[in-house]
Amino acid sequence: MPGGRSLSIPIQDEASAALREAELRRLHALDSHGAAAYQYIVHTASRICETPLAMIGLVDRDWLWVKASIGMPGDRAPLDNAFCAHVLEAGANLLVVPDTLEDPRFADNALVLRAPGLRFYVGAPLVTSRGVVLGTVCVADFSPREPTPVQLETLRLLAHQTVGLLELRAARGEEPLATQGEQPLDAPSGGEAPGALPH
């Protein structure tokens with residue numbers, strides 16, 4: 001990934017970034033990835049929206065962390081070119097991009113102009129009980145398209161369900177669910193993750 005922030009990505013203000021990081025710690029949200037419940041959510045998003053790519057992505061100051069995904073390699077990616085940063089700005093609203101080349105926020109994005117060549121994106125914000133947006137449940141495709149109302153409502157519900165899972169496990173004091181052999185996301189093994197993530 002190129003150094004520095006892409007001009008098309010909103011700059012995070014310090015207060016919002018600190019608040020989001022505090023919520024991520026409270027919920028132990030970055031402690032594991034790939035648990036069956038979260039994989040079920042991204043599989044459902046992919047099936048309902050008929051997209052090859054789907055992800056639960058969480059954002060701290062510098063990284064997009066992948067909680068679960070379909071069609072996207074890696075545990076994390078730098079926020080440079082991250083579509084998800086725009087969802088953080090949108091608050092409780094979905095970010096719907098029917099054609100990335102027709103949207104000035106994304107038309108010059110590296111993930112649009114080069115591999116993987118994203119042309120469609122929808123991100124539903126993960127809004128906690130304290131009103132903090134942690135990231136998204138999102139889907140993407142390589143061709144432009146118009147999402148249906150049912151698909152958009154389903155993504156909203158899946159985002160709500162994702163936050164519910166995080167909040168419930170934190171309230172119960174449960175250990176994060178991880179698949180066998182996974183490493184915690186807050187202790188990466190070194191090196192940057194692949195830059196092919198759309199968020």
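Worth knowing before you read on, the calculation uses all heavy atoms, side chains too, and leaves out hydrogens, waters and symmetry mates. Everything quoted here is computed from the prediction, not taken from an experiment. We're numbering straight along the sequence, starting at 1.
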Spacing of [X] atom [atom1] and [Y] atom [atom2] [to the nearest 0.5 Å]:
X	Y	atom1	atom2	answer
T128	L24	OG1	CG	9.5 Å
D75	S69	CG	OG	8.5 Å
T136	L94	OG1	CG	10.0 Å
L58	L27	CG	CG	9.5 Å
L101	D108	CG	CG	10.5 Å
L111	D80	CG	CG	10.0 Å

With a cut-off of 3.5 Å and sequence neighbours excluded, list every side-chain donor-acceptor pair involving residues 41-56.
{"from": "T44", "atom 1": "OG1", "to": "Y40", "atom 2": "O", "distance (Å)": "2.8"}
{"from": "S46", "atom 1": "OG", "to": "T51", "atom 2": "O", "distance (Å)": "2.6"}
{"from": "T51", "atom 1": "OG1", "to": "L53", "atom 2": "O", "distance (Å)": "3.1"}

Any side-chain heavy-atom pair of [X] and [Y] under 4.5 Å:
X	Y	answer
D62	L79	no
V112	F83	yes
L166	K67	yes
E21	R61	yes

Plane angle bin for Y121 and F106 - parallel if under 30°, tilted between 30 and 60°, otherwise perpendicular: tilted
So if you build clusters from Ile, Leu, Val, Met, Phe, Trp, Tyr with side-chain heavy-atom gaps below 4.5 Å, do L157 and L134 land together? no
My understanding is that only residues two or more places apart in sequence, or in another chain, count here; which of them pass side-chain contact (heavy atoms from CB on, under 4.5 Å) with [X]?
X	value
L19	V132
V133	L88, P125, V127
N93	A90

Is the side chain of T100 donor-acceptor paired with the backbone N or O of L118 at a distance under 3.5 Å, no angle test? yes
For the pair V66 and Y38, evaluate side-chain contact (heavy atoms from CB on, under 4.5 Å) and give the outcome as yes or no after the intermediate values. CA-CA 10 Å; V66 180; Y38 301 111; over 6 Å; no
Going by salt bridge (Lys or Arg N to Asp or Glu O under 4.0 Å), name the pairs with one or both residues in residues 124-134, residues two or more places apart or in two chains. E23-R130
Return each pair, listed once, that meets side chain to side chain donor-acceptor pair (under 3.5 Å) where at least one residue sits in residues 156-168; pairs must be two or more places apart or across chains. R26-E167, S129-E167, E153-R156
D99/R119 ion pair, N-O < 4.0 Å: yes
Please give me the minimum heavy-atom distance between V87 and A124, naming the atom from each residue. CG1-C, 4.5 Å
